[in-house]
Amino acid sequence: MAEVLVVAEHDNAKLDKATLHAVGAGAQMGGVTVLVAGHGAGGVAEAAAAVDGVAKVVHVDDAMYENPVAEDLAALVVAMAEGYDVIAGGSSTFGKNLMPRVAALLDVAQISDVVEILGDDTFKRFIYAGNALATVKTVDAKKVITVRTTAFPPAAESGGAATVETIQAVAPTELARFLGREVSASERPELTSARVVVSGGRGLGSGENFAVVEGLADQLGAAVGASRAAVDAGYVPNDYQVGQTGKIVAPELYIAVGISGAIQHLAGMKDSKIIVAINKDEEAPIFQVADYGLVGDLFQLVPQLTDALKQSKAA
Amino acid sequence: MKILVPVKRVVDYNVTVRVKADGSGVETANVKMSMNPFDEIANEEAIRLKEAGNATEVVAVSIGEAKAQETLRTAMAMGADRAIHVATDARTDTELQPLAVAKLLRAVVEREQPDLVLMGKQAIDDDSNQTGQMLAALLGWPQATFASKVAVDDGGLEVTREIDAGLERVAVKLPAIVTTDLRLNEPRYASLPNIMKAKKKPIDQLGPEELGVETSPRLTYVRVEEPPKRQGGVRVADIDELLTKLKTEAGVI
């Protein structure tokens, strides 16, 4: 059986959901060890040890890993790589930043954004903005992969009883230094794991008009997303972006407001269970993938929908 | 500061690609090709750094078939000073893979000795998002990926990065690799006089053998297929009908 190392993503307080999905994927390949590198992150290591399917947790505590840069974290992962056949992480900005560096240092290919594991060395992933699905087989003995979180169910947060082993940090690379982070403050659920997502596109016309989308999202307890066009136009920050070059989501309900449905956007949301499209252009390609399409002025329809939801809640 | 900008020729952003019937790949014959959009952003940023007096020379490099030179002409029409073409017949969407590209670029970096490599975070054909990070690893350089802002300060860069939760700022020493995200800048269009001027700028040609790099693929594309198509549903007349369907038929609210 393969030995799988999953690199945990966390903020020293809480294990990120992406890691649970990566553990879920890793368990399909073999026995899973989770690496928790952090500072004062003992609670995260304990939480990882409780995750179903985790056999072992390796915990490294050092100030250098409080907000680790990829250079230092890659050096650590490479130093532990010998005992593992697979090194895996979520296909988040964290995993995308780290894993190619790890792979190159090990002189192996990296396989990005895996959506299906077909065997020890064979994987499926999308190319060309989701227009083609490739089955790739690697010749490398060691596999370094990132997994699309929406394609693998998360491992349960309890049920595991892994041992926690503590190891020492490796020497710092001193190549890069973390300066700070501005986390988008939001009471809403996180985009990639939300049950409902309401996204806005160029049809909103301005950043202020996104209030319409937000109002609906609040009624539904939904996350807010956006098309690349809306990000490009400066209406919302990039971390709202759903699509080929942004986030991949697969909620129970996805409501696309004023989004035409360019292939690059569809790549990020077409695995949603139910898609609703509201757009004034009845020819918009979004209607070709929507379960329910409503043609009309979003500035009338979306507030109507918000009000109707409010009333049905009150009733 | 000398900047190297790798640019890739890819199927144009607006083209809907077709999967070949034999499952061997994506049809690229007679399809409109363009510079990878993130590479355009990288080239623009390099040119702006030069215009601001922070850089002395911008060198574009492309790896691919002969027509990659068209992409290099575009990079020079935007403002790159000169170009390097690494010629290969391998398909750059599937056969020539990120690790091999990173090794070729490492060899180019060793020849050119740039202080900064500015490149796109991801090519829109294979969507790997790997080459910059791999190049940084091979060179032992820092990497500032998914940049939305690049500021030069003494001996290094302060880069704002797009991350899932918002923004992150990192300081990197030079030499460094920076990969670009969408909001870094809006690339200029090349003017006609600059397009004419670019025709006279030099393109050096190199082969992978000359660079001494082994480029055979690590991944075999066993099969490339069309993904399952999502079926479109119905049109609803108004909000009431939509709500009813969502509640009773779909059961999602």
Side-chain angles (χ1 to χ4, degrees), chain A residues 69-71 74 92-93 96-97 100-101 103-105 108-110 112 122 126-140 175-184 220 231-232 238-239 244-245 247 252-253 263 270 274 276 287-295 301 304-305 308, chain B residues 11 16-17 19 26 93 97-99 102 122 124-130 133-134 136-138 141-146 148 158 162-173 181-183 218-227 230 232-236 239 242-243 245-246 250 252-253:
Chain A
V69 290
E71 292 80 352
S92 56
T93 50
K96 289 173 183 173
N97 189 34
R101 191 169 181 109
L105 290 171
V108 301
Q110 197 245 296
S112 296
T122 309
F126 286 103
I127 55 175
Y128 283 96
N131 276 310
L133 182 56
T135 301
V136 295
K137 185 180 159 93
T138 179
V139 297
D140 293 318
L175 292 171
R177 199 158 44 86
F178 172 84
L179 297 175
R181 190 175 293 133
E182 289 164 46
V183 175
S184 305
L220 289 163
V231 173
D232 250 341
N238 192 63
D239 50 281
Q244 179 191 19
T245 62
K247 291 176 180 167
E252 296 267 299
L253 172 61
I263 187 74
K270 66 179 162 54
I274 296 291
V276 172
F287 288 120
Q288 289 165 20
V289 300
D291 298 282
Y292 304 111
L294 184 51
V295 178
L301 294 171
Q304 257 185 49
L305 178 56
Chain B
V11 172
T16 303
V17 298
V19 174
V26 160
D93 61 346
Q97 295 165 1
L99 184 61
Q122 166 178 354
I124 61 165
D125 49 9
D126 76 336
D127 282 332
S128 283
N129 192 335
Q130 298 174 0
Q133 296 89 313
M134 287 184 153
L138 296 177
W141 289 9
Q143 63 186 53
T145 53
F146 325 144
S148 64
E158 187 180 318
E162 304 272 16
I163 58 169
D164 288 335
L167 297 171
E168 179 180 288
R169 285 179 301 115
V170 291
V172 295
K173 290 182 179 169
D181 216 319
L182 191 60
R183 294 192 300 170
R218 301 294 182 89
L219 304 181
T220 311
Y221 279 71
V222 179
R223 202 159 109 89
V224 175
E225 61 198 305
E226 200 146 333
R230 196 183 169 103
V234 296
R235 297 289 166 96
V236 292
I239 291 293
L242 175 63
L243 265 180
K245 296 247 187 217
L246 287 177
V252 286
I253 56 172

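Here is how names work: the chains are called A, B, and so on, in the same order as the sequence lines, proteins then strands, and each is numbered from 1. Predicted model only: the values in this text are computed from it and were never measured.
Closest non-hydrogen pair, B/Arg183 versus A/Asn238, comes out as CZ-N, 3.4 Å. Across all their heavy atoms, A/Pro100 and B/Met134 have their closest contact at O-CG, 3.4 Å. Closest approach of A/Leu305 to B/Leu242, counting heavy atoms only: CD2-CD2, 4.2 Å. Listed here is the closest heavy atom pair of A/Phe178 and B/Val170: CA-CG1, 4.3 Å. Closest approach of B/Ala137 and A/Ala104 over heavy atoms only: CB-CB, 3.7 Å. The heavy-atom pair separating B/Pro142 from A/Ala176 by the smallest distance is CB-CB, 4.3 Å.
Within the cation-pi definition used here (under 6.0 Å to the ring centroid, within 45° of the axis), B/Arg235 does not qualify as a partner of A/Tyr292.
By the salt bridge (Lys or Arg N to Asp or Glu O under 4.0 Å) test, A/Arg177 is found to be paired with no residue, residues two or more places apart in sequence or in another chain being considered. Residues passing the salt bridge (Lys or Arg N to Asp or Glu O under 4.0 Å) test with B/Glu168 are A/Arg181, B/Arg161, sequence neighbours excluded.
With hydrogens and angles left out, the side-chain atoms of B/Gln143 and A/Asn97 include a donor and acceptor closer than 3.5 Å. B/Gln122 and A/Thr245 share no donor-acceptor pair across their side chains, judged by distance under 3.5 Å alone.
Proximity of a side-chain donor or acceptor of B/Asp164 to a complementary backbone N or O of A/Thr93 within less than 3.5 Å is detected. A/Gln304 places no side-chain N or O within donor-acceptor distance of the main-chain N or O of B/Ile239, the cut-off being under 3.5 Å. Checking side-chain atoms of B/Arg218 against main-chain N and O of A/Thr138 turns up no donor-acceptor pair under 3.5 Å.
Contacts between A/Lys137 and chain B at a heavy-atom distance below 4.5 Å involve backbone atoms as well as side-chain atoms. With a 4.5 angstrom heavy-atom cutoff, B/Val26 touches chain A only via side-chain atoms. Contacts between B/Leu243 and chain A at a heavy-atom distance below 4.5 Å involve the side chain alone, from C-beta outward. For A/Ala290, the part lying near chain B is the backbone, with the side chain staying farther off; criterion is any non-hydrogen pair under 4.5 Å. For A/Glu71, the part lying under 4.5 angstrom from a heavy atom of chain B is the side chain only.
Your options are A/Leu253, A/Val136, A/Val139, A/Leu220, and the one with the most heavy-atom pairs under 4.5 Å with chain B is A/Val136.
Put simply, the residue from B/Val19, B/Asp126, B/Asp125 that forms a side-chain contact (heavy atoms from CB on, under 4.5 Å) with A/Tyr128 is B/Asp125.
B/Arg230 has a carboxylate O that lies under 4.0 Å from a charged side-chain N of A/Asp291, or vice versa, which qualifies the two as a salt bridge.
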Next item on the list: Dump the intermediate steps for side chain to side chain contact (heavy atoms under 4.5 Å, CB included) on A/Gln244 and B/Asp127, then the final yes or no.
Entry: CA-CA 8 Å; A/Gln244 179 191 19; B/Asp127 282 332; 2.7 Å; yes
